[in-house]
Undergrad: 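The structure under discussion is supplied below as structure tokens; questions concerning it will follow.
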Amino acid sequence: MICVEVKNIISRQNNILLSWSLQQVIAAMETQLSNGPTCNNTSNGPSTISNNCSSPVESGSIEDSKTNLIVNYLPQNMTQEELKSLFGSIGEIESCKLVRDKITGQSLGYGFVNYVDPKDAEKAINTLNGLRLQTKTIKVSYARPSSASIRDANLYVSGLPKTMTQKELEQLFSQYGRIITSRILVDQVTGVSRGVGFIRFDRRVEAEEAIKGLNCQKPPGATEPITVKFANNPSQKTSQALLSQLYQSPNRRYPGPLAQQAQRFRLDNLLNMAYGVKSRFSPMAIDGVTSLAGINIPGHAGTGWCIFVYNLAPDADESILWQMFGPFGAVTNVKVIRDFNTNKCKGFGFVTMTNYDEAAVAIASLNGYRLGDRVLQVSFKTNKTHKA
DNA sequence: TGCAATT
């Protein structure tokens, strides 16, 4: 009964939350339609980890691999199984590998997905490139064949004029070779350039030539010379840095935008009112309160929090669930329930999220969301065993 | 108003 109260309270909050949820989803769609990824670590992230903005291996558009994809800018805590689950929603996967640090086992934030069918690889690029997952916008592109000549071709550039754009940076470096990716880091709060950027060339020799030609040189119109050197390779971090990274609790959540934090507190208060406990978003805090023994915790399945999504269209697929819920936090599984014979969606599906607070925000934000011509109903999964 | 399980 208390569960129902929570549900109702959250539903009432929905009017307030809706505009924000629309922003989230629209943002997801926009990034999907536009260019590549952005460096989107939040300012709260540990600085050692925020370095991996520049670290992922990039890929070119060479057409020699039609099935093998490289996926960059994955959330730090995403596992290989989650990667496989996400990309498996497109088609049959031949192999899937999340690249991890050899010593610490920490994800390096990128991986490879090899499909059986080239058509699925193409579809994955079209539907998953630019997908927002937590604080990241993933990049999906064809993987270049692995070879020594494309390794260590990433340059770190500092001392750039604050007014220099990414396009101008590329213009400056393009005379030395084919640029795979470029980026200028910006202040997380003001959006102003930090005067630091990265250029990844197709081949190492091109990067070497760029260093010779541009290090300690003044770009046209600049008053100060720039520094151009090879970027740090994440797998070559000192053991000290690796250890300190391990001590930053690996499962730490990175708080999202301010709006999201505001929602967290609001929801936390709702939970306090309903349960009479201070949860601090922790499922354990709820489970651990003996006075609440016997109360069903909605949606809690041990491995995460199961969310029921109702009123999906017959042609709904897993990718839409990833797109909708991914921006709210760690999603470990999505499932569209289909009729065995027709293979059409039966109108509902499930999403499993690791953390209670993120699941609660996702529910509060997406319940009542209009998808196409349908209004979704989103809640924690209950234990219903038969139709009413 | 609808809560899976050919994993």
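Each chain gets a letter, A, B and so on, in the order its sequence line appears, and its residues count up from 1.
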Undergrad: B/dG2 P sits how many Å from A/Phe308 CZ, rounded?
TA: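 Taking atom P of B/dG2 as the reference, CZ of A/Phe308 is at 10 Å.
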Undergrad: For A/Lys84 and B/dT7, what is the distance between atoms NZ and P respectively, to the nearest whole Å?
TA: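 That distance rounds to 13 Å.
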Undergrad: Could you tell me how the ring of A/Tyr356 sits relative to the ring of A/Trp305: parallel (under 30°), tilted (30 to 60°) or perpendicular (over 60°)?
TA: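 Answer is perpendicular, since the angle exceeds 60°.
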Undergrad: Going by an N to O cut-off under 4.0 Å, is there a salt bridge joining A/Asp117 and A/Lys123?
TA: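 Salt bridge absent between A/Asp117 and A/Lys123.
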Undergrad: Running the 4.5 Å side-chain criterion over Ile, Leu, Val, Met, Phe, Trp and Tyr, what cluster does A/Phe348 land in, apart from itself?
TA: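 Via sub-4.5 Å side-chain contacts, A/Phe348 links to A/Phe308, A/Tyr310, A/Ile337, A/Phe350.
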Undergrad: Starting at the 5' end of DNA chain B and moving along, which residue's nearest nucleotide shows up first, A/Gln377 or A/Arg338?
TA: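 Per heavy-atom nearest nucleotide, the more 5' residue is A/Gln377.
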Undergrad: Check each residue of residues 340-348 of chain A for a non-hydrogen atom within less than 4.0 Å of any atom in DNA chain B, then write out the ones that pass by number, or none.
TA: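 Of all residues in residues 340-348 of chain A, the ones placing a heavy atom under 4.0 Å from DNA chain B are A/Phe340, A/Phe348.
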Undergrad: Side chain to side chain donor-acceptor pair (under 3.5 Å) with A/Glu208: which residues, sequence neighbours excluded?
TA: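 Side chain to side chain donor-acceptor pair (under 3.5 Å) check on A/Glu208 returns A/Arg204.
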Undergrad: Tell me: CG of A/Asp339 to P of B/dA5, nearest whole Å?
TA: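 To the nearest whole Å, that distance equals 10 Å.
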Undergrad: Could you tell me how far apart A/Phe350 (CZ) and B/dC3 (C1') are, to the nearest whole angstrom?
TA: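 Checked: the CZ to C1' distance equals 4 Å.
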Undergrad: Give the nucleotide from the list B/dG2, B/dT7, B/dC3 with an atom nearest to the side chain of A/Tyr310.
TA: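 In terms of side-chain proximity for A/Tyr310, the closest of B/dG2, B/dT7, B/dC3 is B/dG2.
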Undergrad: Expressed in angstrom and rounded to an integer, what is the separation of A/Leu321 atom CG from B/dC3 atom P?
TA: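 In whole Å, B/dC3 P and A/Leu321 CG are 17 Å from each other.
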Undergrad: Could you state the CD-P distance from A/Glu92 to B/dT6, rounded to the nearest angstrom?
TA: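 To the nearest whole Å, that distance equals 19 Å.
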Undergrad: Under a 4.5 Å side-chain heavy-atom rule over Ile, Leu, Val, Met, Phe, Trp and Tyr, are A/Phe230 and A/Leu160 clustered together?
TA: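 Yes; tracing contacts between hydrophobic side chains, which count when under 4.5 Å, links both residues.
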Undergrad: Nearest-Å distance, CZ (A/Arg374) to C1' (B/dG2)?
TA: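 Rounded to the whole Å, the gap is 11 Å.
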Undergrad: In whole Å, I'd like the distance from the NZ atom of A/Lys381 to the P atom of B/dA4.
TA: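 Rounded to whole Å, this separation is 5 Å.
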Undergrad: Run the salt bridge (charged side-chain N to carboxylate O under 4.0 Å, His left out) check on A/Lys119 and A/Glu122 step by step: do they pass?
TA: CA-CA 5 Å; A/Lys119 285 196 179 67; A/Glu122 189 184 353; over 6 Å; no
